[in-house]
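Shown next, in structure tokens, is the structure this report addresses.
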Amino acid sequence: MLVLLLLALVSACSAVVSNHTTDIWLAELAPGTNPHLAAERLGMSYVGSLVGGRYHAFRQKLARQDSIYTGSIARMMSSDRLVTWYEHQVARQQVKKNMVPNTLGDRVDGYLRKRYGKRGMALVEERMARMHQARITSTNAFFPVDPLFYMQWHLKGTSPANVRASETWDRHESYRGNGFNIAIVDDGLDKTHPDIAPNFDPMMSWDFNGDQEHDPTPNNKDTHGTAAAGVAAADSNNVCGLGACPECKVSGLRLIAGPSSDYMEASALSYMTDMIGIFSNSWGPVDDGRTMAVPGRVTRDAIAHNVARGRRGRGTIYVWAAGNGGANADNGNYDGYANNRHVIAVGAVDYHGKKSYYSEPCACLTVSAPSSGTAGKGIVTTYFDTGMHPTCTDSFGGTSSAAPLVAGALGVLLGKFPDLTKRDIVMLLGRTSTITEETDADWTPRNAMGVRHNHKYGYGIVNMFELTREAVLWQRLPPQVTCTTGKRNVNYFMADASGEFTINMGLPSNIISCDNGSGGISVVESVELQLWVQHGSRGDLQVTLKDPARVASYMHVPHADRSSYPDEGWTYSSARHLGQNGKGVWTLSVGDATRNGISGRLLAFQLNVYGY
């Protein structure tokens, strides 16, 4: 237990949060405004546009950050009638969602000889030779010759958590990636690693932290992105192990090697979205149970825009680690990245298929994947030592490892079935993921769409074999419908430890309006709940949303966070109602559940239900 706690502490403290202002300003201009002329008028240089031209980036002509100079720019922008919104960019350090792995040394065979001796190594080599011979004489079956493949319990074997990758690859050679591109948004990528180099795509890579070129090479301490890339798409060869999508292309977007701003994050997550299909993200705010942080305005809009229009209209896929703050009573719904309804939030299970002790439960959790959590059962992947010598590790973990594993699984899916949208993928995950710890009381009953959900596991453990089998005859979902209450002012006083205030909302009704008229939603896909609250101790709050079938999403639960509720409000998302019938009465309950002398006020709420 002491070792686990120390690992959690190391993970939580793996990055020191530091903020600094940059020389970049983002602005939204009135329709028809020429951004180049606007830059001249503001005394700045034009950098480029984001989100289909909705936002524009400008650079100060002087690198000064003193209040006199930046204040003069702010005054010019606020007084310019053609500038409808602006923001001076501040960079903040994001946190990696990993446990610290151990290297296996700079030679794989040296590690094997040390661990298994001369006789054991001979047996390994004999098995590799048999696998290689079978590989070249079989038309469909896939026989990896990677020396550490036998240790990759998360891809095949007897672990109840394995994602059934090996069975999927054996179906046909077209179930191994077909060159589908996965971008690892992280601290860099060792493009020369022999398990990465065959699949590395330089033109889809970029360094947003340094030289602004197609080279995401990390420094000698930033191993995280290389390890994540190996989990997703390490090549099948005679080095280390292999990734879930061994024939996917992999690119590196170096972003979190230093502090990142809204402009940098939006730019990275919008990079070549017609070519890159999946962005794997194993980073975000610190998982200390006391932080509620969101992406910037432009990053949020960029994600929504790209999910709708990226990948040549089929939609970009964002996979996000849900967080490692389980031991700190943290919750993915307090992380504005994983909590975004447009992303696929991923939790972690251990070798036995149980929630890893660090994995965060949340209503927004989409799916889980195997990772660390059981002693001696980490994840084999690519790595390098401080001398930048390529090597391997067998102890990568955290939701940092679970997320790229799901990204690799989806790479196999989309490599074979490229026309699937993000909406299709989520429904497929809901119908095919493996239910684990079935006696856990939080599992919802299987609904008419075949979906169950658990705050600790999402829809279950990703199952590549069933996922790709279900996709064979899949019909794309109908156009999405949105039903919303709009912002409803409440102004309800929440006395200290006073219990919950309940609001009932019918759908359809005069409270909830839908953009398909009064038809409502027969099949729910996702739900958003926006709250505006005044409270000096947000950890006191209990927020629960129930659908017409009484399935409950626990959006905010009491925990030891004594900070004030965000002034700008908070948007919670839930994946828990996928496949439910949205017609009927939805119930929102909000209350102060902790007696500590601090009261608050529910100012307003807005419920958005998405489906068809």
Side-chain angles (χ1 to χ4, degrees), residues 15 17-29 47-59 84-97 183-187 206-209 212 225 253-273 276 278-286 291-311 315-323 332-345 364 403 407 422 528 530 566 568-573:
V17 177
S18 58
N19 298 341
H20 68 263
T21 54
T22 73
D23 60 355
I24 297 292
W25 295 67
L26 289 177
E28 187 172 15
L29 305 177
V47 177
S49 65
L50 288 162
V51 194
R54 178 179 175 184
Y55 298 102
H56 300 275
F58 302 92
R59 176 173 280 115
T84 59
W85 171 86
Y86 70 91
E87 184 179 77
H88 189 191
Q89 292 299 285
V90 175
R92 58 186 179 181
Q93 183 63 57
Q94 299 288 2
V95 174
K96 303 165 191 177
K97 308 294 186 176
I184 306 298
V185 187
D186 216 289
D187 61 5
W206 196 259
D207 181 2
F208 291 90
N209 286 130
Q212 300 290 306
L253 301 177
R254 187 169 180 251
L255 175 69
I256 62 168
S260 56
S261 64
D262 186 20
Y263 165 67
M264 293 168 65
E265 292 176 9
S267 297
L269 296 171
S270 300
Y271 187 72
M272 301 192 77
T273 51
I276 297 172
I278 299 172
F279 290 72
S280 181
N281 301 271
S282 295
W283 54 272
V286 62
T291 299
M292 294 179 74
V294 296
R297 168 175 171 163
V298 180
T299 298
R300 294 196 303 271
D301 287 350
I303 291 172
H305 175 85
N306 296 332
V307 168
R309 301 187 183 184
R311 207 162 46 99
T316 303
I317 309 300
Y318 295 99
V319 178
W320 223 286
N333 279 117
Y334 314 149
D335 174 344
Y337 294 83
N339 181 44
N340 187 310
R341 78 176 181 91
H342 296 291
V343 312
I344 293 172
C364 62
K422 185 260 182 178
E528 282 180 329
Q530 296 172 268
E568 65 276 14
W570 190 261
T571 300
Y572 304 89
S573 73

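Only heavy atoms go into these numbers, but all of them, side chains included; no hydrogens, no water, no symmetry mates. By convention here, the first residue in the shown sequence is residue 1.
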Original post:
Would a line drawn from the ring center of Y55 to the ring center of W85 be shorter than 6.0 Å?
Top reply: yes
Subject >> S270 (side chain) donor-acceptor with A266 (main chain) under 3.5 angstrom >> reply: yes
**OP:** Grab the two heavy atoms, one from T291 and one from P285, that are nearest each other, plus how far apart they are.
**Re:** CG2-CB, 4.2 Å
Original post:
So how far is it from D186 CG to K97 NZ, rounded to the nearest 0.5 Å?
Top reply: 12.0 Å
Subject >> Gap between atom OG of S261 and atom CG of L26 - 0.5 Å precision >> reply: 7.0 Å
Original post:
Nearest 0.5 Å, what's the CG-CG distance between L269 and L255?
Top reply: 7.0 Å
Original post:
About how many Å separate NE2 of H342 and NE2 of H305, when rounded to the nearest 0.5 Å?
Top reply: 12.0 Å
Original post:
What distance do E568 atom CD and Q530 atom CD have between them, rounded to the nearest 0.5 Å?
Top reply: 12.0 Å
Original post:
For S573 and N333, does a side-chain donor sit closer than 3.5 Å to a side-chain acceptor?
Top reply: no
**OP:** Could you go through the side-chain contact (heavy atoms from CB on, under 4.5 Å) check for L253 and I184 one step at a time?
**Re:** CA-CA 6 Å; L253 301 177; I184 306 298; over 6 Å; no
**OP:** Determine whether the aromatic ring centres of Y337 and W283 lie less than 6.0 Å apart.
**Re:** yes
**OP:** Would you please test T316 and I276 for side-chain contact (heavy atoms from CB on, under 4.5 Å) and show each step?
**Re:** CA-CA 8 Å; T316 303; I276 297 172; over 6 Å; no
**OP:** Check for a donor-acceptor pair, side chain of N281 on one end and backbone N or O of F279 on the other, with a separation under 3.5 Å.
**Re:** yes
Original post:
Would you say the side chain of F208 lies within less than 4.5 Å of the side chain of S267, judging by non-hydrogen atoms?
Top reply: yes
Original post:
With a 4.5 Å limit on heavy-atom distance, are the side chains of V294 and R300 in contact?
Top reply: yes
Original post:
OH of Y263 to CZ of F58: how many Å apart, nearest 0.5 Å?
Top reply: 11.5 Å
Subject >> CA sep, side-chain torsions, deciding dist, call: Q94, S260, side-chain contact (heavy atoms from CB on, under 4.5 Å) >> reply: CA-CA 7 Å; Q94 299 288 2; S260 56; 3.8 Å; yes
Original post:
What pair of heavy atoms forms the shortest contact from S49 to H56, and how long is it?
Top reply: CB-ND1, 3.7 Å
Original post:
Would you say Y318 and I303 make side-chain contact, with heavy atoms under 4.5 Å?
Top reply: yes
**OP:** Output yes when a side-chain donor or acceptor of Q212 lies under 3.5 Å from a complementary backbone atom of D207, and no otherwise.
**Re:** yes
**OP:** Give me the ring orientation class for H88 and W25: parallel if the planes are under 30° apart, tilted from 30 to 60°, perpendicular past 60°.
**Re:** parallel
**OP:** State, to 0.1 Å, how close I24 and A57 come at their nearest heavy-atom pair, and which atoms those are.
**Re:** CG2-CB, 4.4 Å
Subject >> Main-chain N/O of V298 paired with D262 side-chain donor or acceptor, under 3.5 Å >> reply: yes
**OP:** Is it possible for you to check whether R254 lies under 6.0 Å from the centre of the six-membered ring of W206, through NZ or CZ, and within 45° of that ring's axis?
**Re:** no
**OP:** Examine distances only and state if a side-chain atom of D23 and a backbone atom of R59 form a donor-acceptor pair shorter than 3.5 Å.
**Re:** no
**OP:** Please test W320 against I344 for side-chain contact (heavy atoms from CB on, under 4.5 Å), starting from the C-alpha separation and ending with a verdict.
**Re:** CA-CA 6 Å; W320 223 286; I344 293 172; over 6 Å; no
Subject >> Donor-acceptor under 3.5 Å (N306 side chain, A302 main chain) >> reply: yes
Subject >> Residues E28 and R54 bridged, charged N to O under 4.0 Å >> reply: yes
**OP:** Might you confirm whether atom CZ of R309 has over 12 heavy atoms from other residues, nucleotides or ligands at distances under 6.0 Å?
**Re:** no
Original post:
Do side-chain atoms of N339 reach the backbone of T571 as a donor and acceptor pair under 3.5 angstrom?
Top reply: yes
Original post:
With distance as the sole test, does D187 use its side chain to make a donor-acceptor pair with the main-chain N or O of A257 at under 3.5 Å?
Top reply: no
Original post:
Within the distance-only criterion (no hydrogens, no angle test), does the side chain of R92 pair as donor or acceptor with the backbone N or O of P259 below 3.5 angstrom?
Top reply: no
